[in-house]
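Reviewing the structure listed below.
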Protein chains: 2
Amino acid sequence: MTDTMSPPARKDAARNRALLLETATQMFATQGLDVTLKDVARRAGVGVGTVYRHFPAKDDLLDEVFAGLLARATDSARTAAADPDGWRGLVRYLEDAMLMQRHNSGLRGLAATPAPSCAMAVKSREEITPLVQQMVAKAQKQGTLRPDFDATDVAYIQVALAAIMEATYATSPDLYRHHLKLFIDGMRAEGHREPSSESPD
Amino acid sequence: MTDTMSPPARKDAARNRALLLETATQMFATQGLDVTLKDVARRAGVGVGTVYRHFPAKDDLLDEVFAGLLARATDSARTAAADPDGWRGLVRYLEDAMLMQRHNSGLRGLAATPAPSCAMAVKSREEITPLVQQMVAKAQKQGTLRPDFDATDVAYIQVALAAIMEATYATSPDLYRHHLKLFIDGMRAEGHREPSSESPD
DNA sequence: ACCTGAACACCGTTCAAGT
DNA sequence: ACCTGAACACCGTTCAAGT
């Protein structure tokens, strides 16, 4: 994924790059998207200019930082798509995605305000959409998912839940589970509304 | 609503205040929340300092600007609460609220990112929540709304739809209608899933 | 009293000078 | 080649000087 050109780069440069990525990943995860690049630089022990040498703009740094999480999300989607029960796969995928956000402040911010320009959003769509499409098709064939449900709707439900989570996280970080259930229930096909052995809360 | 104290204030000051409010309302509606206070000042023909004299901070200006819209939303909720059919009132209230956002960029931004600190959000909750509670109670008594549905859930559905609208507006400003339908369907009580004479789109 | 605009703090980004 | 930090543009906010 990172080869073909660009002579190996000096060892110190490579180290700085890795260090910055690591530092930024940590800071964005715990403190959210508005950590300053100056702060990232200081914590990494380099000058601001170095950050901009490796990442032309803050968005580029964000893209690389969250590319890692995107990979995890893709894995989750792949596993979910392999589930023979389409509905169950879909639900698990959504739960996984929300759990990731639950534990990463920066991801919450990104997911709730998806700039269509954002490289990560684009790649995310490209990689995950086909997998979600498989789940949707399967679940519809199995009669458990509404027939008028689109694969892109899953992405929008993620956006919706992200916004809710962002709004409620500070007060009750797990309230989103309630809304997740609500939305999932709205996805069910006619006559598949039985509570599936969960506690009623 | 604006009396009891503060000697009437000089005529030019009062005019400036009104002018600023009007200008800001216009600009936030069409250009969104990140219009500059310097721009507002210029367009109103005053200095920046004047803006800050009348509104201690940008948030205060926003609060006053959107207090007007809040009043309209409250009216809508009151009308909806008066509907003998609880379900129909609830649906109309949601449709109204979304229509307001649809036509106001600043409102879209605010609704999608509700800071709990925001005075408008607080007032909105205080004024509208009891009305929504009436609708929810009525609809549940009439058996058309899920029994495990909370009045606060309505507010969160608004947040969710606002985020979706914000994400899709540029490309397809009316796509939110689809998701509104989806969520509304998720609110239905068991056995009330008939398509109610709408076109299927 | 109220208005004005220069000035400050802050953040993203650039670039001349260093190694 | 790459690093550094001062410098710039921009936005929110303040305040000394004007009327």
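The figures here come from the full heavy-atom set of this structure, side chains too, leaving out hydrogens, waters and symmetry mates. By convention in this document, chain letters (A, B, ...) are assigned in the order of the sequence lines, proteins followed by strands, and residues within each chain are numbered from 1.
For the atom pair A:Leu161 CG and B:Ile164 CD1, the distance stands at 9.0 Å (nearest 0.5 Å). To the nearest 0.5 Å, atoms CE (A:Met135) and CD1 (A:Ile128) are separated by 8.5 Å.
Note: CG (B:Leu20) to C1' (C:dC2) measures 13 Å, nearest angstrom. The interatomic distance linking A:Asp60 (CG) with C:dT14 (C1') rounds to 15 Å, in whole Å. In this structure, CZ of B:Arg15 is placed 14 Å from C1' of C:dC2, rounded to the nearest angstrom. For the pair B:Arg53 CZ and D:dG12 P, the computed distance is 20 Å after rounding to whole Å. Look at CZ on A:Arg17: it is 16 Å from C1' on D:dC3, rounded to the nearest Å. Taking atom CG of residue A:Asp59 and atom P of nucleotide C:dC11, one finds them 17 Å apart after rounding to whole Å. Computed from coordinates, the A:Asp39 CG to C:dC11 C1' distance equals 10 Å when rounded to whole Å. Rounded to an integer number of Å, the gap from NZ of B:Lys11 to C1' of C:dA1 is 16 Å.
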Donor-acceptor contacts under 3.5 Å from residues 64-78 of chain B side chains, at least two apart:
residue: B:Glu64; atom: OE2; partner: B:Arg17; partner atom: NH2; Å: 2.7
residue: B:Thr74; atom: OG1; partner: B:Leu70; partner atom: O; Å: 2.9
residue: B:Thr74; atom: OG1; partner: B:Glu127; partner atom: OE1; Å: 2.8
residue: B:Ser76; atom: OG; partner: B:Asp96; partner atom: OD2; Å: 3.0

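Between A:Lys38 and the phosphate of C:dC11, there is no side-chain N or O to OP1/OP2 separation shorter than 4.0 Å. Regarding contacts with the backbone of C:dT14, every side-chain N or O of A:Tyr52 stays at 4.0 angstrom or more from both OP1 and OP2. Under 4.0 angstrom from either OP1 or OP2 of D:dC2 there lies no side-chain N or O belonging to A:Asn16. Between C:dC3 and B:His54, a contact under 4.0 Å exists linking OP1 or OP2 to a side-chain N or O.
Using Watson-Crick or G-U wobble geometry with both donor-acceptor distances under 3.5 Å, D:dC11 finds no partner in any strand shown. Here D:dT4 sits opposite C:dA16 as a Watson-Crick or G-U wobble pair (both hydrogen-bonding atom distances under 3.5 Å).
Residue B:Val48 is the one, among A:Val48 and B:Val48, whose nearest nucleotide of DNA chain C lies closer to the 5' end (criterion: closest heavy atom).
A donor-acceptor pair is defined here as one N or O able to donate and one able to accept, closer than 3.5 Å; such a pair exists between the side chain of B:His192 and the backbone of B:Gly143. Remark: side-chain polar atoms of B:Arg108 are paired, donor with acceptor, to backbone N or O of B:Arg102 under 3.5 angstrom.
Nucleic acid contact for B:Thr36: sugar-phosphate only, since backbone atoms but no base atoms lie under 4.0 Å from a heavy atom of the residue.
Distance from the side chain of A:Lys58 is smallest for C:dT13 among the nucleotides C:dT13, D:dT13, C:dC3. Proximity note for B:Leu37 (side chain, C-beta onward) versus D:dG12, D:dC3, C:dT13: the nearest is D:dG12.
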